[in-house]
Colleague: 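This is the structure I have questions about; it appears just below.
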Amino acid sequence: MNSEELSDRYAPEEVESRIYKWWEERGFFNADDASIKPPYCIILPPPNVTGSLHLGHALDHSIQDCLIRWKRMSGFNALWLPGTDHAGIATQNVVEKELKKEKLTRQILGREKFLERVWAWKDQYGSRIIEQMKRLGDSCDWRRHVFTMDESVSRSVRKVFVTLYQNKKIYQGERLINWCPRCETALSDLEVEHRDSKGSLWHIAYPIIGTMDTLIVATTRPETMLGDAAICVHPDDVRYKDLIGKIVQLPLTDRQIPIIADKYVDQEFGSGALKITPAHDFNDYKIGQTHKLAIINILTPQGTLNDLVPEKFRKLSVPEARKKIVEALKEQGFLKKEEGHNLSVGRCSRCESVVEPFLSKQWFVAIQDLAAGAKRVVENGTTSFVPENWTKTYLHWLGKIEDWCISRQLWWGHRIPAWSCAECKHVTVSMDDPSQCESCGNAEITQDEDVLDTWFSSALWPFSTLGWPDESEALKTFYPTDVLVTGHDIIFFWVARMIMMGLDFKKDVPFRTAYIHGLIRDSQGRKMSKSLGNSVDPVEAIEKYGADALRFTLLSSVASGRDLKFTVDKLEINRNFMNKIWNATRFSLTALKDFVPPKEELPSKSYLSVSDQWITYRLGEVEKEMDDSLSNFKFSEAAQSIYSFVWHDFCDWYLEFIKPIIYGPDNQDKKSTQLVLAHTLNRVMRLLHPFVPFITEAIYQKLPIRNDALIIDKYPTPANDRNWLALGSEKAAFEMELVKEVITAIRNIRGENRIKPGEKITAKINPSDAEAQKILGNNKSFIMNLARLSECEIGPISDRQKCAVTLVSRGEAKIEVVVPLIGLVDFDEEINRIKKNIEKIQKEIQSLNKKLGNEEYVRNAPGDVVEKDRELVMQNKSQLNSLQESLARLQ
RNA sequence: AGGAGUUUAGCUCAGUUGGUAGAGCGCCACCCUUACAAGGUGGAUGUCGGGGGUUCGAGCCCCUCAACUCCUACCA
């Protein structure tokens, strides 16, 4: 292969699918259950099986793939285990919407036929998201792909359910739960989203029996008054003290209810009297329990008023009923006041319908014991959050968690393995489908209609995917897993529950580290959503900019766990970076055309040019930075390190330094530089690979120094790469920095004086000491080339007439850079340049002197800090002198 | 109401234990220099949200105020 095959622009579409296929065919993604390598495991948070990839996934996956590739290259038996989730309520809703187009409902179809439709839907769309993940470069062990409704997972789910039931941690109870009247199912607390909305506070007069007085009650939900069981006041409320125990007439009905007292009531709010509707409000429910009030349910599962209300309100929806009841109260003189009031309304997170507190019989997980364990392991650091500030959020939530309602009145999901007996009503819960009641032996038993909350199976994911309840090799090797990567939006839904279940069933945490990243927002900080039209389709982004550009963009934006703003121009920037990598390679391969990798050991350092020793030294620094950053999940720092190394050290300076050598006459110099170039390029690809796998593998395959495949080559670190890095030299690095500064100084004079790049100029360079003299002498050709000089004198300067002057200093070395300007420019620009510099230096001297004039500073500050300032003053002063001299000569 | 977070250059963000403010993009000027115009070289840009305190010294530590964001809970 040679460079002619590389076009001058990187074309991702040409390499991505080819490279991915090759990796897959070679089995590079596969992990072994039995391996002498240390295990490293990440379980993929399973995306919804019928969903499609969005930017949130792309971020989540880029992080995980970066970690997995890094660890795989670092010698680990790295497993990234993929899966998909059946996403009960979400998927069911999607299919129901499809049915609606055909004027069908799931009820018309019946359970069996409906489930057939959902499976068909899953078969049609289930592979879409997998294909999209492959486009992104996800290096999952696809042989192990698991779906939450697979036989194996279903068995885990049932085992967990049965065990928890036997241990009395799962129970059935009739209580108030969140109910979505549209989905007609129970929801967990987490599935309810609270949103502020405008409402009213209605003041209603309840006539007090045996008096002519009324008691004013304020409510935001007048329609629920038909289910009132009492009026409650604060026991110390002087206004109402005497009324406690009296009876009021419930308007619009023939019912009478008592006035009770409870400290729960806030005397300041509304009228200080609260109507208690135990069946339709969580707080009222609690008060109802303590005061043993009747629970009067006035709603149907569809959210309409039922037969317990007066005839004329029956079958009305909640909003309709509210309107009618307010009207009726007004007509009959019970309504005393209506005022605006903001309140937050719970809505179904899947369909946005208003959620009703609803009394029904559901299955619950007793959470307190599980939560205590989940708290403990995070408190003692067995599992830690990165960044750690999520620890507080997590513990705070676990501190006040309530039992988890796990039954859903849906059809798509894991059906609850409970059968009730027609005869004795006993409930049989068992691993295998029973044929008779375990209590009375009656064969007439029917399975519970409900399915489990999707998150129930998700909670078992870290061990159910590895084969549990079998003690499989995979489970032994990979549990507990190493890192869980997910967004902060599902810490409660998922992270906490996995820890609970892992502890309960595997007696160990499911993962050592929970890496929590932020969510992706648009340029204005809003959530990305289809309805806002601000979402970016990652597949489109890949098609336009390449998967690597997308990955690098995401990885360099993810920092400190905060939400990140995403804009398309970042993709362009990183697309350009890919192109830079590509073109640097193109040049390098040309330079390496006649290069044959030597068989012998590495050369001795003394054969290498200063630039070669410098770039190798810098490479060592970058290897260390990458190792540090990746070990601490600092993806953006790692991305920045390598970006700046590749662009600003390797391309901007190193490749420019070596051009004369490569094109030059000295074969020996050329050979050693080619060796360094080839080795450096090889390491750059290895360092970059976890971030931008496609382009790096494609390039790697063309390199003169390489192994079989980049994806399984070694990730370079200062430790494993020490033989090569030993060729780097700090001294050479210092020398190069000095040379770079001199070059920059000349370029600055050129730029500020608007001397065109094509115009050759001469320069005189006056080093202050013999060491600097030697360094500059050795690197004269670099300086002449990169500063585009026709002549360059190094040594004492006698004539400074009409010259531009700049002083360069680094460490001990002080260098005067002088460019004669006669015949090149009029001197106005140079005079301005010098004046500007003088001003700057004067300011600095001033502030330093002020500091040093402060006795307290000199006394209290560490000696070296003060000494450094003193040196700076000296340096600045000599610069100032020299600048003032040249200014005088110009004027 | 409780909790968490943010506020640094026009934009997006870095700033480790307190020691004279950084990057990328954008902007300005000049350049099609034989890897790359998706490029090169040079340049300008900040009372680090306001106020107060500790300190010789604060972007960083403490107090306070303000604005914004998210989470949890919710007063009917």
Side-chain angles (χ1 to χ4, degrees), chain A residues 3 6 8-10 189-190 194 201-202 217-221 224 232 264-266 268-277 281-284 341 343-344 346 389-390 392-393 396-397 400 488-489 491-492 518-519 521 523 525 527 545 556-557 559-567 569-570 572-591 636-637 640 643-644 647-648 651-652 655-656 659 663 744 747-758 786-788 833 836 843-844 847-848 851 854-862 864-866 868-869 872:
Chain A
S3 59
L6 300 183
D8 66 350
R9 290 201 177 172
Y10 172 56
D189 296 343
L190 285 173
H194 296 272
L201 192 59
W202 286 274
V217 172
T219 180
T220 54
R221 298 202 55 186
T224 64
C232 191
Y264 167 78
V265 176
D266 177 359
E268 305 296 315
F269 191 90
S271 63
L274 168 66
K275 68 189 215 39
I276 304 296
T277 321
D281 182 280
F282 288 102
N283 293 309
D284 291 11
H341 182 70
L343 71 166
S344 81
N389 55 307
W390 292 111
K392 239 182 182 173
T393 309
H396 189 248
W397 181 73
K400 45 190 211 174
H488 60 69
D489 52 336
I491 291 178
F492 306 142
L519 309 179
R521 303 187 174 273
S523 56
K527 266 186 188 168
Y545 300 98
S556 45
S557 312
S560 65
R562 294 208 321 246
D563 288 356
L564 45 108
K565 289 180 188 166
F566 187 91
T567 50
D569 54 320
K570 288 184 184 167
E572 205 169 308
I573 290 159
N574 290 307
R575 186 267 322 260
N576 293 355
F577 180 44
M578 296 308 112
N579 199 45
K580 190 76 179 172
I581 295 169
W582 186 256
N583 275 299
T585 304
R586 220 154 59 89
F587 167 78
S588 301
L589 291 182
T590 313
S636 61
E637 284 178 23
Q640 213 185 346
Y643 179 96
S644 139
W647 203 308
H648 299 304
C651 292
D652 286 351
L655 292 184
E656 297 304 328
K659 274 177 185 172
Y663 299 134
T744 304
R747 283 172 174 173
N748 173 282
I749 290 170
R750 190 193 275 277
E752 294 281 282
N753 284 295
R754 297 173 207 230
I755 301 168
K756 304 219 168 193
L786 296 186
R788 309 189 132 254
R833 190 184 77 92
K836 210 164 63 185
K843 261 188 199 156
E844 264 178 49
S847 88
L848 282 168
K851 213 162 140 193
N854 182 345
E855 281 174 35
E856 303 252 37
Y857 169 66
V858 178
R859 197 167 53 236
N860 290 317
D864 56 324
V865 173
V866 178
K868 230 166 84 187
D869 282 347
L872 255 174

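Below, each value reflects all heavy atoms present in this structure, side chains not excepted, and no hydrogens, waters or symmetry copies. Naming: A, B, ... by sequence-line order, numbering from 1 per chain.
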Colleague: Pick the C1' atom in B:U47 and in B:C28, then give their distance to the nearest Å.
Modeller: 25 Å
Colleague: Taking only side-chain N and O atoms of A:Y857, does any of them lie within less than 4.0 angstrom of OP1 or OP2 on B:U20?
Modeller: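 Checking B:U20 against A:Y857, no side-chain N or O comes under 4.0 Å of OP1 or OP2.
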Colleague: Is there a side-chain contact between A:W647 and the phosphate of B:G40, meaning an N or O under 4.0 Å from OP1 or OP2?
Modeller: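 Checking B:G40 against A:W647, a side-chain N or O does come within under 4.0 Å of OP1 or OP2.
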Colleague: Of all the nucleotides listed (B:A76, B:A23, B:U33), which has the minimum atom distance to the side chain of A:Q640?
Modeller: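 Looking only at side-chain atoms, A:Q640 lies closest to B:A23.
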Colleague: Which of these nucleotides, B:C56, B:A23, B:C25, is closest to any side-chain atom of A:E856?
Modeller: B:C56
Colleague: I'd like the C1' distance from B:C60 over to B:U54, given in whole Å.
Modeller: 14 Å
Colleague: Let's see if you can work this out: which of B:G24, B:U72, B:C70 has an atom nearest to the side-chain heavy atoms of A:H488?
Modeller: B:C70
Colleague: OP1 or OP2 of B:A35 versus the side-chain N and O atoms of A:K659: is any pair under 4.0 Å?
Modeller: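 Checking A:K659 against B:A35: at least one side-chain N or O falls below 4.0 Å of OP1 or OP2.
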Colleague: Could you please name the option among B:C36, B:A38, B:G19 that lies closest to any side-chain atom of A:V865?
Modeller: B:G19
Colleague: Answer with base, sugar-phosphate or nothing: what part of the nucleic acid does A:L343 contact at a heavy-atom distance below 4.0 Å?
Modeller: sugar-phosphate
Colleague: C1' atom, B:U45 versus B:G24: distance in rounded Å?
Modeller: 15 Å
Colleague: Could you please name the option among B:A76, B:C30, B:G24 that lies closest to any side-chain atom of A:Y643?
Modeller: B:G24
Colleague: Could you tell me how far B:G59 sits from B:G46 if I compare only their P atoms? Round to whole Å.
Modeller: 16 Å
Colleague: Look at A:N579 and B:A38 and indicate whether a side-chain polar atom (N or O) is within less than 4.0 Å of OP1 or OP2.
Modeller: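 For A:N579, the contact criterion (side-chain N or O under 4.0 Å from OP1 or OP2 of B:A38) is not met.
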Colleague: Just by modelled atom types, is the A:G518 backbone N or O under 3.5 Å from a matching donor or acceptor in the A:D563 side chain?
Modeller: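 Checked: no pair found.
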Colleague: Taking only residues two or more places apart in sequence, or in another chain, which ones meet A:K659 in a salt bridge (charged side-chain N to carboxylate O under 4.0 Å, His left out)?
Modeller: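 A:E656.
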Colleague: With heavy atoms under 4.0 Å as the rule, sort A:D652 into base, sugar-phosphate or nothing.
Modeller: sugar-phosphate
Colleague: Would you say A:K756 reaches B:C31's phosphate, i.e. side-chain N/O to OP1/OP2 under 4.0 Å?
Modeller: yes
Colleague: Check whether any side-chain heavy atom of A:E572 lies under 4.5 Å from a side-chain heavy atom of A:Y545, and answer yes or no.
Modeller: yes
Colleague: Out of B:C56, B:G3, B:A38, which nucleotide sits closest to the side chain of A:H396?
Modeller: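 Among B:C56, B:G3, B:A38, the one nearest the side chain of A:H396 is B:G3.
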Colleague: Select one nucleotide: of B:C31, B:C70, B:C75, the one nearest the side-chain heavy atoms of A:D266.
Modeller: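 Nucleotide nearest to A:D266's side chain: B:C75.
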Colleague: Are there any protein N/O atoms within less than 3.5 Å of an N/O atom in nucleotides 5-12 of chain B, and if so, which ones and at what distance?
Modeller:
| residue | atom | partner | partner atom | Å |
| --- | --- | --- | --- | --- |
| B:U12 | O2' | A:K570 | NZ | 3.1 |

Colleague: Check the phosphate of B:A76 against A:H341, side-chain N and O only, distance under 4.0 Å to OP1 or OP2. Yes or no?
Modeller: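 Yes, A:H341 has a side-chain N/O under 4.0 Å of OP1/OP2 on B:A76.
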Colleague: Parallel, tilted or perpendicular: which one describes the rings of A:W390 and A:H488, with boundaries at 30° and 60°?
Modeller: parallel
Colleague: Could you give the distance separating B:A23 and B:C62 at their P atoms, to the nearest angstrom?
Modeller: 28 Å
Colleague: When rounded to the nearest Å, what value does the distance between P atoms of B:C68 and B:G52 take?
Modeller: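 These two P atoms come out 24 Å apart once rounded.
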Colleague: Taking salt bridge (charged side-chain N to carboxylate O under 4.0 Å, His left out) as the definition, give me every residue that meets it alongside A:R221, ordered by chain and number, with sequence neighbours left out.
Modeller: A:E223, A:E356
Colleague: From B:C56, B:C71, B:A76, pick the nucleotide closest to the side chain of A:F492?
Modeller: B:C71
Colleague: How would you list, by chain and number, every residue that makes a salt bridge (charged side-chain N to carboxylate O under 4.0 Å, His left out) with A:D281, sequence neighbours excluded?
Modeller: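 Here no residue qualifies.
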Colleague: Reckon A:F577 touches a base, only the sugar-phosphate, or nothing at all at heavy-atom distances under 4.0 Å?
Modeller: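 Nothing, no heavy atom under 4.0 Å.
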Colleague: Mind checking which stems touch RNA chain B? I mean at least 3 consecutive Watson-Crick or G-U pairs, both distances under 3.5 Å.
Modeller: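 Stems found: B:1-7 with B:66-72, B:10-13 with B:22-25, B:27-31 with B:39-43, B:49-53 with B:61-65.
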Colleague: Just to be sure I understand the rule, does A:C232 reach a base, reach only the sugar-phosphate, or reach nothing, if contact means heavy atoms closer than 4.0 Å?
Modeller: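 No contact.
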Colleague: Using the P atoms only, state how far B:C25 lies from B:U41, rounded to an integer number of Å.
Modeller: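 The answer is 11 Å between these two P atoms.
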Colleague: What one-letter contact string describes nucleotides 42-47 of chain B from 5' to 3', where B marks a base within less than 4.0 Å of any protein heavy atom, S marks contact via sugar-phosphate atoms alone, and - marks no contact?
Modeller: SS----
Colleague: With heavy atoms under 4.0 Å as the rule, sort A:T393 into base, sugar-phosphate or nothing.
Modeller: nothing
Colleague: Counting heavy atoms from C-beta on, name the nucleotide in B:U20, B:C25, B:A38 closest to the side chain of A:N576.
Modeller: B:A38
Colleague: Parallel, tilted or perpendicular: which one describes the rings of A:F577 and A:W647, with boundaries at 30° and 60°?
Modeller: parallel
Colleague: Aromatic ring centroids of A:H396 and A:F492 under 6.0 Å?
Modeller: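 Not under 6.0 Å, so no.
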Colleague: Nearest to the side chain of A:E656, heavy atoms from C-beta on, is which of B:A76, B:U72, B:C36?
Modeller: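 It is B:C36.
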Colleague: Between B:U20 and B:C48, how many Å separate the two C1' atoms, rounded to a whole number?
Modeller: 14 Å
Colleague: Provide the closest heavy-atom pair for A:S556 versus A:S636 in the form atom of the first, atom of the second, distance.
Modeller: O-CB, 3.3 Å
Colleague: Can you see if the side chain of A:K275 gets near the phosphate of B:A76 - specifically, an N or O under 4.0 Å from OP1 or OP2?
Modeller: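 The answer is no; no side-chain N or O of A:K275 sits under 4.0 Å from OP1 or OP2.
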Colleague: Using a 4.0 Å heavy-atom cut-off, does A:R9 contact any base of the nucleic acid, only the sugar-phosphate backbone, or nothing at all?
Modeller: base
